[in-house]
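Scroll down for the structure; my scribbles are underneath it.
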Amino acid sequence: MTVSANQMNVPLLDLKQQNETLRPEIEAALGRVLDTNAFILGGEVAELETELADHCSARHAIGCASGSDALLLAMMALGVSAGDEVITTPYSFFATVSAITRLGAKPVFVDIEPDTFNLDVEAAALKITKRTKAVQPVHLFGQCVDMERLTDICDDADIPIVEDAAQAIGAEFNGKRAGSMGAIGCFSFYPSKNLGGMGDGGVMTTNDDTLAARLRALRVHGASERYHHKWVGLNSRLDGFQGAVLRVKLPHLDRWTEQRQANAERYRRLFADAGLEDLISLPVERNGRRHIYNQFVVRIEERRDALRGYLAEQGIGTDVYYPVPLHLQECFEYLGYREGDLPEAERASRETLALPIFPELKPEQQEYVVAKTAEFLKR
Ligand SMILES: *Cc1c(COP(=O)(O)O)cnc(C)c1O
């Protein structure tokens, strides 16, 4: 494709700028790990755990190999197993549900709110049975689920909440941090998350000392004492290099979040000025939420894929989170869901589009994104 003179390149995410700015600090931190040979867990990871617990307002933070493993370990720590049900959302990344099914438990999907794309907590309340072992909301795209209402519902039924906070580090509900409100919070350091590592990584947070001890054991094959296995766990540790890199990045996280929020505000102004209210829905930010904008996801009722193609031709990167809802995935055919069962999740899969929102995005790049979107939608 030839790039015309007035064409701009706007990637969905540009990690290079962030990493280049921090390069000297990152190299020094990696050097410290090389010097100490602490490649698995070790001092950097231990320091990071303390800093992350503080950042998430939780008593404990326990590093592990990925966000997917964090969810799996959380379910294991709560004793989720065959015959149990776990209530969750059909509109999320695959790991949300595989953590449940890998333990032989049954995911019970509840539809989402059409404006926030988050789990509808009132619908979740109706799905609680004697077999419900946990409820697992996802703070999707960086905005918290209604944790106050969900906590009321789950406390009444004595059911623990596992927060899938993979996209929500630093997000808040009425002043409370994601990962501090449920029994266990699960985070990912996949490079595209707001706090991204240079490889896979994850962390679990909890205020419960017993769960913390169990999670610490489960990540090392269920051994709380070496070679003495109380449970069958996983080999799932955060490595020293990731710990060192993440410690360099964490002090910058709040500033990056503020830049993402400012970018979201700028999109709102630009889209309003372009007069596109009837053609595109912008993310809804509920009162009392600190939305950290891991993604800026808009809804276009028709021609979403054509718009995406047009923007790509103009040099603009976008993505669809998520094109197939979890209840319609081939591997879950055995659960018996049909198209039409969870209409809001299915509609979101057809209509949503993530636009670039990363911290270093420039105002003129956002102007370009909005101008090109308007050009397509108005013709
Ligand atoms: C990224 C993500 C995960 C999984 O994290 P990994 O570190 O990639 O395993 C889980 N849930 C959600 C909602 C995510 O966005």
Side-chain angles (χ1 to χ4, degrees), residues 12-13 15 45 48 52 56 61-76 80 86-103 107 109-110 112-113 116-119 134-145 147 161-171 178-179 182 184-205 215 219 234-239 241-243 245-246 249 260 283 291-297 319-327 329 345 348-349 352 354 357-358:
L12 179 63
L13 173 65
L15 293 169
V45 171
L48 177 73
L52 280 172
C56 297
I62 299 124
C64 64
S66 69
S68 301
D69 275 7
L71 293 166
L72 182 60
L73 289 162
M75 292 293 153
M76 292 169 84
V80 170
V86 177
I87 296 171
T88 193
T89 170
Y91 193 59
S92 180
F93 180 62
F94 185 74
T96 301
V97 59
S98 64
I100 301 164
T101 59
R102 283 171 68 180
L103 297 172
F109 293 114
V110 165
I112 56 168
E113 303 175 333
T116 64
F117 307 111
N118 271 335
L119 179 79
V135 176
Q136 187 194 33
V138 179
H139 305 314
L140 202 68
F141 305 141
Q143 173 163 244
C144 285
V145 168
M147 284 301 288
I161 299 172
V162 174
E163 299 176 65
D164 182 340
Q167 301 179 6
I169 191 161
I184 303 172
C186 299
F187 296 86
S188 162
F189 303 124
Y190 185 78
S192 70
K193 307 294 158 104
N194 284 26
L195 180 64
M198 294 185 165
D200 276 313
V203 75
M204 304 157 288
T205 51
L215 290 167
R219 72 177 170 178
L234 304 181
N235 169 14
S236 181
R237 286 85 56 109
L238 189 61
D239 67 76
F241 284 128
Q242 297 310 325
V245 167
L246 292 164
K249 291 190 164 194
R260 286 173 182 271
H291 193 325
I292 62 148
Y293 287 100
N294 177 241
Q295 299 294 345
F296 188 88
V297 173
D319 211 341
V320 172
Y321 305 111
Y322 298 89
V324 182
L326 298 172
H327 65 290
Q329 293 291 343
S349 296
T352 55
I357 188 75
F358 61 91

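For ligands, and for the atoms within them, numbers begin at 1 and follow the listed sequence.
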Ligand-residue contact atoms, ligand 1 with [X], heavy atoms, under 4.0 Å:
X: S188; result: 1 (C), 5 (O), 6 (P), 7 (O), 8 (O)
X: A166; result: 2 (C), 3 (C), 10 (C), 11 (N), 12 (C), 14 (C), 15 (O)
X: V138; result: 13 (C)
X: Q167; result: 13 (C), 14 (C), 15 (O)
X: G67; result: 4 (C), 5 (O), 6 (P), 7 (O), 9 (O)
X: F93; result: 2 (C), 3 (C), 4 (C), 10 (C), 12 (C), 14 (C)
X: S92; result: 13 (C)
X: T96; result: 11 (N)

- Hey, could you give me the CD/CZ distance between Q242 and F189, rounded to the nearest 0.5 Å? 9.5 Å
- Note on the structure: So CZ of R219 and CG of L73: to nearest 0.5 Å the spacing works out to 9.5 Å
Distance-only N or O hit between ligand 1 and [X], under 3.5 Å:
X: F189; result: no
X: Y190; result: no
X: D200; result: no

- Task: Could you tell me whether the side chain of I161 reaches within less than 4.5 Å of the side chain of M147, counting heavy atoms only?
- Result: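 The answer is yes; the side chains approach within 4.5 Å.
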- Between the main-chain N or O of S192 and the side-chain N or O of N294, is there a donor-acceptor pair closer than 3.5 Å? yes
- Task: Mind listing the closest non-hydrogen atom pair of M204 and G63 along with its distance?
- Result: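 That closest heavy-atom pairing would be CE-O, 4.5 Å.
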- Residue pair F94 / L326: nearest heavy atoms and the distance that separates them: CA-CD2, 3.7 Å
- Note on the structure: If you scan protein heavy atoms around atom 2 (C) of ligand 1, the nearest is K193 NZ, 2.5 Å
- Query: Who's the nearest protein heavy-atom neighbour of atom 11 (N) of ligand 1, and how far?
  - Reply: D164 OD2, 2.9 Å
- Query: Do other residues, nucleotides or ligands put more than 12 heavy atoms under 6.0 Å from the OH atom of Y321?
  - Reply: yes
- Taking the six-membered ring for Trp, are Y91 and F117 parallel (under 30°), tilted (30 to 60°) or perpendicular (over 60°)? tilted
